[in-house]
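Below is one structure; the comments refer to it alone.
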Amino acid sequence: MIKNKRLYSPNMVKEIIEDYDFRFSKSLGQNFLIDGNIVRGIVSGAGITSEDIVLEIGPGIGTLTEELALNAKQVLAIEVDETLRPILAETLSEFNNVEIIFQDVLKLDLEEEIRNRFGDASIKVVANLPYYITTPIITTLLQKDINIHSLTCMVQKEVARRMVAKENSKDYSSISVFLKYFGDGKIILDVPKSVFMPKPKIDSAVVNLEVVNRNLSVGIDQFEKVIRASFSMRRKTILNCISKGLSLEKDEVREILSDVSIEENSRAENISFDQYVLLTERIFR
Ligand code: SAM
């Protein structure tokens, strides 16, 4: 391996891939970053300082991990692909503040892994997420009993737009409302497909979400049920969606909607976050 060169150099990535005869797995969403500006942009956009503990999902060959290790106090990375073990052992060998757990992030007891290492310290999540499970990873992480300070994730551009969309826009969907429960997301970087190896078919974007305590009276489980029901049938009215999705009589739903001043003919995409909170409160009171 070429010494004194950063991992995001395209030649470096090529060399590592060849040295280890590594085969990219499409099904694991393996598109590795090969652009220093983007790698640095993600880490500075996440506001990583030498005080921070970072959780990275999917380090790949360690490109983003390297930049995180240079800036953070501690990095814990979770990688499902065992074939990357020898590569990561070499590419990150100079760092003593990085630990990799080789497991599926959705199957791992992350709460315990984090508690054992860091207690209840605040964690910044930074990741170039595998596209096939972006939403499950984000929603699962946020619902765990982990003290997450912020999430900074590369996702497909369309998903990024949905994540930060406001009501009455075409991108407003269940993930927009769900995320708002935890904080206000913003797109901090647009990322062209040319900065990945192999090059994916779609562009990407990096979303940053600072987690805030909104002191809401409704729990995320109840809130999620209401959002899921509301967005379950895109062209149907909120009356129909809630009635069908939550198995409630239409008359009962009419009364609920009237109590929280939501028109029964509204569509899910026209209802604001605050109205969803009121609706959830009223349904489960
Ligand atoms: N961070 C690297 C980069 O930016 O170049 C690689 C990002 S690549 C888009 C996604 C990574 O997530 C791959 O290394 C893949 O093997 C890993 N991955 C996929 N599914 C995973 C899962 N369920 N749990 C943990 N890692 C996963």
Side-chain angles (χ1 to χ4, degrees), residues 5-17 20 22-46 48 54-72 75-92 95 98-110 113-114 124-141 144 151-157 159-160 188-189 191-207:
K5 235 179 163 191
R6 298 292 302 280
L7 289 169
Y8 48 63
S9 137
N11 286 340
M12 186 74 162
V13 178
K14 260 189 214 135
E15 191 180 320
I16 294 167
I17 299 304
Y20 286 87
F22 178 78
R23 306 290 153 101
F24 290 98
S25 160
K26 214 173 171 180
S27 63
L28 289 178
Q30 290 178 339
N31 300 95
F32 298 161
L33 278 165
I34 50 165
D35 184 302
N37 287 329
I38 301 295
V39 171
R40 285 188 295 270
I42 296 172
V43 176
S44 76
I48 302 302
V54 177
L55 172 68
E56 186 194 5
I57 318 296
I61 60 165
T63 316
L64 186 57
T65 327
E66 177 186 59
E67 186 69 18
L68 289 168
L70 288 167
N71 288 276
V75 182
L76 177 65
I78 320 291
E79 173 57 62
V80 72
D81 186 356
E82 274 282 347
T83 67
L84 288 163
R85 190 188 281 272
I87 299 184
L88 285 164
E90 182 180 349
T91 57
L92 301 175
F95 299 104
V98 179
E99 186 187 347
I100 318 272
I101 298 177
F102 286 90
Q103 255 212 59
D104 182 336
V105 68
L106 294 177
K107 298 197 177 133
L108 183 67
D109 187 345
L110 207 50
E113 299 291 350
I114 288 182
K124 290 185 177 172
V125 178
V126 182
N128 172 12
L129 288 176
Y131 291 156
Y132 74 108
I133 43 166
T134 301
T135 310
I137 290 179
I138 293 175
T139 54
T140 305
L141 277 179
K144 284 201 182 288
L151 274 178
T152 307
C153 297
M154 171 108 71
V155 299
Q156 291 178 41
K157 198 175 212 162
V159 177
I188 57 165
L189 264 184
V191 182
K193 31 184 172 299
S194 56
V195 304
F196 298 97
M197 186 186 294
K199 197 157 107 179
K201 288 200 175 70
I202 28 115
D203 289 322
S204 302
V206 179
V207 172

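Everything numeric in this text was worked out from a predicted model, so none of it was measured. One-based numbering, in listed order, for ligands and for the atoms of each.
For atom 21 (C) of ligand 1, the closest heavy atom belonging to the protein is Val80 CG1, 3.4 Å. Of the protein's non-hydrogen atoms, Val105 N, 3.0 Å is the one closest to atom 24 (N) of ligand 1. In terms of protein heavy atoms, atom 17 (C) of ligand 1 is closest to Glu79 OE2, 3.4 Å.
Interface of Asn31 with ligand 1, defined as ligand atoms under 4.0 Å from a residue heavy atom, comprises 7 (C), 8 (S), 9 (C). Each of the following atoms of ligand 1 lies closer than 4.0 Å to a heavy atom of Gln30: 13 (C), 15 (C), 16 (O). Those atoms of ligand 1 that come under 4.0 Å of a heavy atom in Gly29, given as number and element, are 8 (S), 9 (C), 10 (C). Listed by number with element, the atoms of ligand 1 under 4.0 angstrom from any heavy atom of Phe32 are 5 (O), 6 (C), 14 (O). Counting atoms of ligand 1 from 1 in the listed order, those under 4.0 Å from a heavy atom of Ile78 are 25 (C), 26 (N). Atoms of ligand 1 lying under 4.0 Å from any heavy atom of Asp104, numbered from 1 in the order shown and given with element: 22 (C), 23 (N), 24 (N). Proximity to Gln103 (heavy-atom distance under 4.0 Å) selects the following atoms of ligand 1: 24 (N), 25 (C).
Residue contact annotation: Tyr131 has no non-hydrogen atom under 4.0 Å from ligand 1.
Between Arg6 and Glu66 a salt bridge is recorded (basic side-chain N to carboxylate O distance below 4.0 Å).
Residue contacts with ligand 1 for Glu56 involve side-chain atoms from C-beta outward but no N, CA, C or O (heavy atoms, distance under 4.0 Å). Under 4.0 angstrom from ligand 1, there are no non-hydrogen atoms of Ser25.
In summary, the side chains of Tyr20 and Thr83 do not present any donor paired with an acceptor at a separation below 3.5 Å, with no hydrogens or angles considered.
Residues satisfying the side chain to side chain donor-acceptor pair (under 3.5 Å) test with Glu99, not counting sequence neighbours, are Arg117.
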